[in-house]
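Here is the structure we will look at, set down as structure tokens.
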Amino acid sequence: MSGQTVKITIDGSVVEAREGLTILQAAGEAGIYIPHLCYHKDLLPGGHCRVCTVKVNGKPINACTMVVGGGMVIENDTAELNDLRKSIIEMLFVEGNHICPGCEKSGNCELQALAYRFGMMSPRYPYLFPAKQVDGSHPNVYIDRNRCILCGRCVRSSQEKDHKRVFGFEDRGIQMRLAVDSERQLAETDLAAADKAASYCPTGSLVVKRVGWKMPVGTRKYDKEPIGSDIAGRRK
Ligand code: FES
């Protein structure tokens, strides 16, 4: 990064942005929340989910992968874009089996928190109720693919943080699924309990065993404040 800054406009506000940052990062530094899901600040962007879609000079683009450029005019918090984001969240709900009241990630789940943020009630798409596999073979971590949204955070964190390749994807389209680096189950991979990979899952798909209910429901992060409040709180 050069240390130079450029001026961009987000929803009518002129913002000074450091060169080399993505739109998502620059907005965050300015205290402007751009909703996102597959992005995590500690990982390289994956560009999978499209929840961060903004319009740059009228064209839709991923805010998590597009680097800022001087003079960009960015639309973020508009009815059209928020409805697009809401439709993506709804699609993720119907493509999986997300039973929030029985999930140990409830209140700490970013998918659930985004659904609340966008006021999701009944999804506009029919529920698919797909048959998904659960892998409880590992002594310390389990995979519940019913809750997996294929964001790729575990894939990236296993490579970038743990320097392993425990996770990947297989198949395509609606058949696409989270795979592990073994012919059979998670227990046969080199995943360790202390690996970072499980901690980056935004939902309750990849969960460390025996800790999920330690913090009571009602006292968790998004039980207290909507997702994005920490970023919006930075705004001067
Ligand atoms: Fe940008 Fe998912 S957060 S594509």
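For ligands, and for the atoms within them, numbers begin at 1 and follow the listed sequence. Computed from a predicted structure; not experimentally measured.
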Pairs under 3.5 angstrom only: tabulate donor-acceptor contacts from the side chains of residues 56-70 to other protein residues two or more places apart or in another chain.
from, atom 1, to, atom 2, distance (Å)
N57, OD1, V73, N, 2.9

- Task: For Q185 and H138, indicate whether the former's side chain and the latter's backbone hold a donor-acceptor pair under 3.5 Å.
- Result: no
- For Y142, the ring pair (Phe, Tyr, Trp, His ring centres under 6.0 Å) test, sequence neighbours excluded, returns none
- Message: Name the residue from K105, Q112, E110, R147 that meets the side-chain contact (heavy atoms from CB on, under 4.5 Å) definition with T203.
- Response: R147
- Task: Check which protein N, O or S atoms are less than 2.8 Å from atom 2 (Fe) of ligand 1 and report how many there are.
- Result: 2
- For C103, does its backbone N or O pair with a side-chain atom of S106 as donor and acceptor, under 3.5 Å? no
- Item | E75: salt bridge (charged side-chain N to carboxylate O under 4.0 Å, His left out) partners, not counting sequence neighbours | none
